[in-house]
Amino acid sequence: MTNASDLPKPTSFHQIFSYRSQDQPNHTWFYYPEPVNAEHYRELTFKGTDDLINHLAAQYATLLPKADESTISKATPKSVPNPPMVVATLGSSNVQTLLTGLAVQRMQHTFMHISPLNSDAGILSLVESMDSKVLIADSVFYARAETLVAQMEGVHLVRMIEFDPVDELKEDLKSFDYDRKRDESDDCCFILHTSGTSSSAPKPIWHANRPLLTTPPFAVRKTTITFGLLYHGMGCAAAIFAASVGASIALPLAKNANHRTIPEIINSVKGLPNASRIILHPILIEAIVEKYGKKNSPELEYLRRLESIEVVGGKLSSNVANELRDLGINIRSAFGCSEVGGFPLRNEPTKEHWDSFVPTNDYNAKWEHIEGNQYELLINDPPILGLNLGIPKGGIYRTNDVFEECPPKSGKWVYVGRRDLMLVHSMSLNTNPVPWENALRPLHEIEECQLVGHGRRGPLLIVQLNWNNVEDESKARDNIWKAVQEYNNTVTAWSRVQHPEALVILSKGCYLERSDKETVKRGVNVKKFEKEIDQGYQNWDRAAPLV
């Protein structure tokens, strides 16, 4: 056997598996349910993965058009010396789609997974803006892909090669000849895209091998359970980073691959030999407290064994986080973004703030004062960079993320929300709606809430009641207003909900729109409930005229 020290250092993602197939051939990289609603895990090793990448590359080499002037992407950033052919995929099976993407990379093309959660318009936008000439679709989405391709010129539709990896490894595998020593560090390896929903177009982000291979592992240790792996690019990155550090990753066991319940998450932890952490959205973490929030719950014991639960995709309320910490569960905030990867911040919880961060590099982390104790994080000379951002060396990347130094001058920072979410009132004073909503959302009378007030005299709170818990709307309003008054004591004067008329209860049957990340769709809701918001401000103005 060739020693790992005899191999070149991998310069692209697919080369990682050639490296690991020699270094750790029998180590499990991927625990996956197949079919996607299976009750037990199947295991794919590093050696098996490398063999399957070759096997797939050999077959797709005969199915895909050749890379030439007619198929190479004209949208390729100038910083990429070898313009690639962009191959997009639309698949339902995470493990098959990821293996397809790695095979595409081995063929020296660029892989762009398109989340099927996007609207048809969003998918068309991604394919056309990236000048992708190939779309590979599995049987679940093939008919949809046919309809989409009919609307685009010169796009080749290819049916995805579908198989179960473990079973396929028992068959005769095809070989693919490629130069494993070729330096691919400057080549574009894949294209991530922002979430994008039915109301917004996803933003594609080119990435090259070199910067992403130098990224520190994103919340990956021994075995990490992630969620909906490729429905967001960071899930794909977590799987690749697991391979780069010789770790393992797993998908949850669930009846519905697009919806995980807390019992299924617990069952997934029990089904793995060495699970060390879980990556979850805040809404699932909140459900843990609701369902198992007792110190003697046996299910909590499985979560206590984990090194951590990592929060991604939104801000978890401090009440929920502190309750879990009191139950002996290590809850941490994993901070990163599609454009820049890992931020130069490290989560270091304090007694007061579970989501306290410290800069890991004072050179990269810069703070721009907004007002009061609020600062936007700027990254000086980003070490990891999405190519379409085009920031020159020594330049500044604006994260749009707002932090507070807690306590002031301590060097510890707490994330409070996005700068573009800030409500700028008519007196030019700012309010961050996220802490407000996180503080009130746990009330049993509230199903969802949103703070509004951009360009207005001050904040106004819209509430969608949880009618399963409400018998008397008037009593529910009183209880919510008491909670509002209590939270008013913790914020600056201009950020207070200053009058009962600034609390708008939506009629039964009305609901606040939420995104696929389970966060409120702010712009959509402001437009949807424009009349209710205007009426709320009129009532407030009559009851307490602005002096």
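These numbers come from a predicted model, not from an experiment.
Among residue pairs with one or both ends in residues 473-497, those qualifying as ring pair (Phe, Tyr, Trp, His ring centres under 6.0 Å) are W436-Y487; sequence neighbours excluded.
Residues Y375 and F403 place their aromatic rings such that the two centres sit no closer than 6.0 Å. Under the 6.0 Å cut-off for aromatic ring centres, W206 and F190 do not qualify, their centroids lying 6.0 Å or more apart.
Electrostatic pairing of K528 and E513 counts as a salt bridge here, judged by a charged N lying under 4.0 Å from a carboxylate O. Checked for salt-bridge contact, R346 and E348 meet the test: a charged N lies under 4.0 Å from a carboxylate O. The existence of a salt bridge linking E437 and R522 is confirmed by a sub-4.0 Å separation between a basic side-chain nitrogen and an acidic carboxylate oxygen. A salt bridge between K527 and E530 is absent, with no side-chain N of the basic residue lying under 4.0 Å from a carboxylate O of the acidic one. E376 and R398 are joined by a salt bridge, as a carboxylate oxygen and a charged side-chain nitrogen come within less than 4.0 angstrom of each other. Look at D541 and R457 and you find a salt bridge, because one of the NZ, NE, NH1 or NH2 atoms lies within 4.0 Å of a carboxylate O, short of that distance.
Counted by atom type alone, E445 and N469 present zero donor-acceptor pairs between their side chains at under 3.5 Å.
Put simply, the side chain of E405 gets close to the backbone of G411: a donor and an acceptor are under 3.5 Å apart.
The salt bridge (charged side-chain N to carboxylate O under 4.0 Å, His left out) test applied to R456 returns D534, not counting sequence neighbours.
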Could you list the donor-acceptor pairs under 3.5 angstrom formed by side chains in residues 498-510, with sequence neighbours left out?
unit_1 : atom_1 : unit_2 : atom_2 : d
H499   : ND1    : E501   : N      : 3.0

